[in-house]
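Hydrogens, waters and symmetry mates are skipped; everything else that's a heavy atom, side chains included, is used. Just so you know, ligand 1 is whichever comes first in the structure, and atom 1 is the first atom listed for that ligand.
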Amino acid sequence: MVAVNDPSSPSTPSPSTSGGTPGGSAVPEDGAWWRHAVVYQVYVRSFADGDGDGVGDLPGITSRLPHLRDLGVDALWITPFYTSPQRDHGYDVADYRDVDPLFGSLSDADDLLARAHELGLKVIVDLVPNHTSDRHPWFQAALAAGPGSPERARYMFVEGRGEDGDLPPNNWPSVFGGDAWTRVTEADGTPGQWYLHLFDSTQPDLNWRNPEVGDEFESVLRFWLDRGVDGFRVDVAHGLFKEEGLPDTELPDPDADGPASMVELAGLDEPMWDQPEVHEVYRRWHRVLADYDDSPRGRRMAVAESWARTAEAIARYVRPDELQQSFNFHWLSAAWSAEEFAEVVTETLPSLLPYGATPTWVLSNHDVVRHVTRYGGGELGLARGRAATLAMLGLPGSAYLYQGEELGLEQVEVAPEDRTDPSWFRTKDTAKPDIGRDGCRVPIPWGDEEPPYAFGPAAAGSQPWLPQPDGWAPLSVAAQTGAVGSTLEFYRRALAARRTFALTAGEEVEILDAGADVFAYRRGPLVCVLNAGSAPVGLPDGVGALVLSSGVDPTGTLAPDTAAWFLDD
Ligand code: GLC
């Protein structure tokens, strides 16, 4: 048996709760609302368009909050909506304390927070501390000020190698393809220093060894905390510090199968990732968040996007004096395999034991191919996707959903002329083009028979910023609402069922031996069985009454590509 939590740990929450109504946060008495929360990721450009310009925005999100309440999630995480030239769709921030006019205004952000709180939903915003936009005033000042200046010392400006400094300072690749270094032209017109950008060249990395950077981000955190946000999703949380001396790295095998994806590169154990100094930053942020513990609005949290390699490395971000959660991408990376699912669970849970933190689970986000497609696409992919979701929702801890997965959306094949993702442009002419992330970011269909499928008030037949495919009408929220067997109704039922036991089922999980192709576990009174094989399987002895299945309800046996929950009487 494995457990996520030492019951003697001081941070173990009391099982008693307040709240618990569908669509509202069920907050344990210690206020740690995130420990078992279901968080819905809103990709701001693609969720809902309030003004009809074809791009999602904050008023659009506010107008659709009732959908999230009815779905039964506890919180939403909104991707960056700050002032930005949108070279990486907001992950290139030019002003951390304002809203880009494309998405609305600060007062729209305040309205969104107020409405979400009224509906009992918490709001997590994205924080991008690894890099700024090249249009950020700091970077513009650094370019103007020249080598050796305090302005350059906020970024990673270095002399090049080679006789004339015309070779990059080291061999680091950008996560988005190509080199991680760009050379600037100095004010006198001569070729000058190089700056580091682990992502696009428009996203210069900050120098976190400069105390000014840490002070600035503490101030940014407080700016949004004072406005009432409930938490932060910390972008590239494992990347802030780079090994002293900037040594060369070991490059991924160029002959390995498949494209060098962001996941693959960002997961390597290299001098630019997961350096020990980064944890000092999160200790400081822990203290900042704790300053709000007694606020009438409730406690605040942060979740790290840390593509660290092992479960142990990921867990270091949630030590009791650091952040509250860390994404567990191992669940997302697992193949459709009972053995792999069991392995991820048995590796994840003990890694958190020393720290008293709960795990997180996620199947899709705005950076990866949607899981229905990863699992084979079509009816098969959808059946497996629903089954994996049910297995995920039964586990202790927090589950992160990505917008559109509740509709069963698949990855969209985006035509080359419609592509917008910098990682696609940086790799498209190479031997290993990145399939890009546009295909999981296509705007949500809310209703109607043709694009924009009620995404916004734009004219019928017009396309939003990424074109929606034909044939999405039956997948829209309106079409699936109330439709028996629809994926949306399945998610609603699963979230409602989860709510009735999630905070009381305990945090211990026992993996059951139910056959080679079966991933089965018991958690308190709940037994979850997932059949990843190709033939029906018998149910483990002693399972209780059926609560819910992801497909055809089992009668004695469970069909392939299906999961079911059973509860003891
Ligand atoms: C994170 C984001 C991704 C972004 C990158 C650079 O991985 O999830 O979308 O492109 O950081 O900020």
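Ligand 1 places these atoms under 4.0 Å from at least one heavy atom of Arg233: 2 (C), 8 (O). Residue-ligand proximity, Asp235 to ligand 1, at heavy-atom distances under 4.0 Å covers atoms 1 (C), 2 (C), 6 (C), 7 (O), 8 (O), 11 (O), 12 (O). Annotation for ligand 1: atoms under 4.0 Å from non-hydrogen atoms of His131 are 6 (C), 12 (O). Residue contact check: Arg437 has heavy atoms under 4.0 Å from atoms 3 (C), 4 (C), 9 (O), 10 (O) of ligand 1. Taking every heavy atom of Arg441 and a limit of under 4.0 angstrom, the matching atoms of ligand 1 come to 9 (O).
Closest heavy-atom approach to atom 10 (O) of ligand 1 among the candidates Asp88, Val128, Asp421: Asp88.
Counting only heavy atoms from C-beta outward, the side chains of Asp53 and Trp465 never approach each other to under 4.5 Å. Within the 4.5 Å cutoff, side-chain heavy atoms of Pro271 are placed close to those of Trp172. Taking the side chain as every heavy atom from C-beta outward, Leu71 and Leu488 approach each other to under 4.5 Å.
Side chains of Thr373 and Gln411: no donor on one and acceptor on the other come within 3.5 Å.
Residues passing the side chain to side chain contact (heavy atoms under 4.5 Å, CB included) test with Ser201 are Thr182, Tyr195, His197, Arg426, sequence neighbours excluded. Under the salt bridge (Lys or Arg N to Asp or Glu O under 4.0 Å) criterion, Asp418 pairs with no residue, sequence neighbours left out.
The shortest heavy-atom distance from Trp307 to ligand 1 is not under 4.0 Å. Every heavy atom of His89 sits 4.0 Å or more from the atoms of ligand 1.
Contacts with ligand 1 closer than 4.0 Å are made by side-chain heavy atoms of Glu305 only, the backbone lying farther away. Residue contacts with ligand 1 for His197 are absent, since no atom lies close enough (heavy atoms, distance under 4.0 Å). Residue contacts with ligand 1 for Arg87 are absent, since no atom lies close enough (heavy atoms, distance under 4.0 Å).
Between Phe217 and Tyr96, the angle of the ring planes goes over 60°, which puts this pair in the perpendicular group of the 30/60° scheme.
One finds no salt bridge joining Lys428 and Asp421 here, because no Lys/Arg side-chain nitrogen approaches an Asp/Glu carboxylate oxygen to under 4.0 Å.
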